[in-house]
Amino acid sequence: RKTCFISRSLSIFSFQTFEKLLIANRGEIACRVIKTCKKMGIKTVAIHSDVDANAVHVKMADEAVCVGPAPTSKSYLNMDAIMEVIKKTRAQAVSLNESICCSFSSPVVISLSLQASEGVTFIGPDTHAIQAMGDKIESKLLAKNAKVNTIPGFDGVVKDADEAVRIAREIGYPVMIKASAGGGGKGMRIAWDDEETREGFRFSSQEAASSFGDDRLLIEKFIDNPRHIEIQVCIILVLADKHGNALWLNERECSIQRRNQKVVEEAPSTFLDPETRRAMGEQAVALAKAVKYSSAGTVEFLVDSSKNFYFLEMNTRLQVEHPVTECITGLDLVQEMIRVAKGYPLRHKQADIPINGWAVECRVYAEDPYKSFGLPSIGKLSQYQEPLHLPSVRVDSGIQQGSDISIYYDPMISKLITYGSNRAEALKRMEDALDNYVIRGVAHNISLLREVIIHPRFVQGDISTKFLPEVYPDGFKGHKLTDLERRELLATAASLYVTEQLRSQRFLGTQRIPIAKSKRSSWELSVRLGDGVYPVAVSKESSSFSVEVDGMKLNVTSEWNLASPLLSVTIDGTQRTIQRLSRSASGDTSIQFLGTVYKLQILTKVAAELSKYMPEKVAEDTSSILRSPMPGAVVAVSVKPGDMVSEGQEICVIEAMKMQNSMIAAKTGKV
């Protein structure tokens, strides 16, 4: 419990298990499975694409085999190559990405069954359950038959944009357009009118075909202002005997989302009462039994303000947010999946499943949160340090310092999890963990995550899937400094500047004899922050600084280790963890303070007076060009040289991290 997770029987394995397991996945999930396998004494085989040759999961595994080039359809979803690796390595069990079964036709599923009959066990449910639950159309029909509450909508396949408009009108706007084989927010659009329905049908079908190899779509009523609740289901089905034992492992709150992808998760939910929790759990188990499910899976529900809940989908895999369930129940879900796959019955009864404490998970992405709450960023992690020195902090990641974040895969850096005896303690530990997380080389969403978890609405539990657009209607702008926080930042930046000036006068390893001893102990500085310029007076007192800002004096103390990426600074008794990201000879510096990066310019009083004579760089005129706000691939161009275009007209489509984005003209003109 001290390290926040799995407290039950991780170190003792008295049952017979597999000798070698192949992991057909990548990233943090692959690393998570490998860690548990090592504890269980199981050897692992990792598959990888050519660009992932140096990935962390490849280095962790006992063996690694390249299965193709970067695109997932040619590597991680290349079933023929994976089958060849199974034969070559003689793996006894395979942990599959469920997209394999959802993305290919029935012959592939048949080949999976044949492979299973030859002695290879799949870690997860059987192919029937994967197919049934991976297809949103079929899963909705199965849920209805199992008497699970479902969202009103069209239960068939939508053929074209015209039919989509007709169905949307019958259901009534707003509607949700979804990829039948989709997941992770891909192939999903909300439409409020006919025009958005046509556009949503186009982009959703293209994304679905690209991500899942299946462009079928469904349409259902969009539930306004919902909460996104998940119930983790763990059910066993012993092959021939069909024991059918099933457990529901409490819920996860996943309402903080952007582009229909989860950003912050927690367990349990602040919203559910014991009666609603039990009702949702029983329906989740009923659905699992209806498809003869035998592994760990997740049933997702939408819950309205009156606590009416509706089935959304069932994910037949170990989901990204599984650690929060492990934290409050003490179970290792990967271990349970391996036991179930080997044919062992569940070791626990429903009465054994507790809710101990509170857990929060933040998804740390390589994204720019100031652009649509997160447009992908690519690059090399030049510096990377996880906050594992803090108590009750867990980090599930598949990267390390020097790793590349590419355009081919999801831009997730890690899952950051904190655990506490109650929600307030878990949130405070998350705040500290975010401040102590060092990520350099790519843009990241630490600032957004920190602002979300300290926002009064979130702290009170007043959240829904509309949280981000409601709290930040004009987009995310970073932390807004109070007057006190602004003075703290100015005082810290000025102290850092003086510390560096003093260090530059010292020489290590030799005695320097000055012509005249300098006894300078005070500095008059000018600090620019945003649109303001502030006079700051600094005086050194032993190991601390007395800084005057706005006529108020602040005492700033620290160890002032300028080589460390993290600096713990105490300002008038208040401890802050900051990061200085960059500095230049012209006085420009970037400091991460309270999660947000602030750009400052620090000059001496004389230099500030002379700087007004320096010419300013003329900004680039971008009104006549279209520049993609993110790296990606151009999948469609809608114009040609000589065409006249109107403001708002689509010019091209960019695909990044499997999401398609329409680039439009900023003004009317000729291409």
Side-chain angles (χ1 to χ4, degrees), residues 149 151 174 176 185 190 221-231 250-281 300-310 312 321 324-325 327-328 355 357-364 369 372-374 416-434 445-482 485 594-596:
N149 302 345
I151 300 171
M176 176 73 81
I190 298 169
K221 181 69 177 175
F222 173 62
I223 296 181
D224 206 14
N225 208 39
R227 295 176 77 107
H228 195 104
I229 306 287
E230 298 178 350
I231 293 285
N250 304 311
E251 79 282 359
R252 298 190 293 253
E253 171 73 70
C254 305
S255 296
I256 306 299
Q257 302 186 12
R258 53 98 181 90
R259 297 195 301 277
N260 300 307
Q261 290 180 316
K262 303 155 197 169
V263 179
V264 179
E265 298 103 351
E266 60 181 312
S269 169
T270 60
F271 187 65
L272 293 190
D273 53 54
E275 291 74 21
T276 308
R277 177 178 295 117
R278 186 181 306 107
M280 291 174 69
E300 300 189 7
F301 292 94
L302 290 181
V303 186
D304 64 21
S305 56
S306 300
K307 296 184 180 177
N308 299 309
F309 58 90
Y310 306 91
L312 186 62
E321 58 276 10
V324 293
T325 298
C327 285
I328 67 168
I355 298 181
W358 211 284
V360 179
E361 175 180 299
C362 285
R363 298 193 188 190
V364 181
S372 302
F373 299 113
L416 178 62
I417 308 103
T418 56
Y419 174 82
S421 58
N422 53 52
R423 189 169 186 260
E425 186 177 49
L427 289 177
K428 182 63 177 72
R429 286 174 172 167
M430 179 60 73
E431 185 181 338
D432 293 339
L434 290 169
N445 65 335
I446 293 287
S447 55
L448 175 63
L449 296 172
R450 195 183 190 282
E451 286 303 292
V452 167
I453 65 165
I454 67 171
H455 194 279
R457 267 189 61 177
F458 184 86
V459 173
Q460 294 165 11
D462 178 18
I463 56 178
S464 73
T465 53
K466 287 185 172 182
F467 180 88
L468 290 178
E470 285 179 352
V471 172
Y472 308 107
D474 299 322
F476 180 66
K477 307 296 182 184
H479 181 72
K480 293 183 179 179
L481 295 169
T482 64
E485 290 169 346
L594 300 177
T596 296

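Positions are given from 1 along the sequence. All values below were derived from every heavy atom in this structure, side-chain atoms included, with hydrogens, water molecules and symmetry-related copies excluded.
The CD1 atom of I328 sits 5.5 Å away from the CD1 atom of I355 when rounded to the nearest 0.5 Å. Going from atom OG1 of T418 over to atom CE of M430 covers 3.5 Å, rounded to the nearest 0.5 Å. Rounding to the nearest 0.5 Å places OH of Y419 at 14.0 Å from CD1 of I417. Note that CD1 of I256 and OG of S464 are 7.5 Å apart. Values are rounded to the nearest 0.5 Å. Rounded to the nearest 0.5 angstrom, R258 CZ and F373 CZ are separated by 10.5 Å. Here the straight-line distance linking atom CG of L427 with atom CD1 of I453 works out to 6.0 Å at 0.5 Å rounding.
Heavy atoms only, all atoms of each residue included: T276 and D273 are closest at N-OD1, 2.7 Å. Between G595 and S447, the shortest heavy-atom contact is O-CB, 3.3 Å. The nearest pair of heavy atoms linking R429 to G420 is NH1-CA, 3.8 Å. Pairing each heavy atom of A433 with each of L416, the nearest pair is CB-CD2, 4.0 Å.
In this structure, R277 and P268 have side chains that are in contact, with non-hydrogen atoms separated by less than 4.5 Å. Between E451 and L449, every side-chain heavy-atom pair lies at or beyond the 4.5 Å cut-off. The shortest side-chain heavy-atom distance between W358 and E425 does not fall under the 4.5 Å cut-off. Looking at heavy atoms from C-beta onward, V360 lies out of side-chain contact with V324 at the 4.5 angstrom threshold. For the pair E361/R363, a side-chain contact is recorded, criterion being any heavy-atom separation below 4.5 Å from C-beta on. Within the 4.5 Å cutoff, the side chain of F458 has heavy atoms near those of the I463 side chain. At a threshold of 4.5 Å between non-hydrogen side-chain atoms, the residues K221 and P174 count as touching. In this structure, S255 and F271 have side chains that are not in contact, with every pair of non-hydrogen atoms separated by 4.5 Å or more.
Under a 4.0 Å N-O distance rule, the pair R457/E470 qualifies as a salt bridge.
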- Derivation and outcome, salt bridge (charged side-chain N to carboxylate O under 4.0 Å, His left out), residues R252 and E265: CA-CA 7 Å; R252 298 190 293 253; E265 298 103 351; over 6 Å; no

- Message: Please determine whether salt bridge (charged side-chain N to carboxylate O under 4.0 Å, His left out) holds for the pair E300 and K262, giving the CA-CA distance in whole Å, both sets of side-chain angles, and the decisive distance to 0.1 Å.
- Response: CA-CA 12 Å; E300 300 189 7; K262 303 155 197 169; 2.9 Å; yes

- Report the C-alpha separation of L468 and L448 in whole Å, then their side-chain angles, then the decisive distance to 0.1 Å, and conclude whether the side chain to side chain contact (heavy atoms under 4.5 Å, CB included) test is met. CA-CA 10 Å; L468 290 178; L448 175 63; 4.1 Å; yes

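Because its NZ or CZ atom is not both nearer than 6.0 Å to the ring centre of Y472 and within 45° of the ring axis, K477 does not count as a cation-pi partner of that residue.
For F309, the ring-ring contact (aromatic ring centres under 6.0 Å, His included) test picks out F301, with sequence neighbours left out. In this structure F467 satisfies the ring-ring contact (aromatic ring centres under 6.0 Å, His included) test together with H455, sequence neighbours excluded. Residues forming a side chain to side chain contact (heavy atoms under 4.5 Å, CB included) with R450 (at least two apart in sequence, or on another chain): E431, L434, D435, I454, L594.
Checked by atom type and distance alone, the side chain of T596 pairs as donor or acceptor with a backbone atom of H479 at under 3.5 Å.
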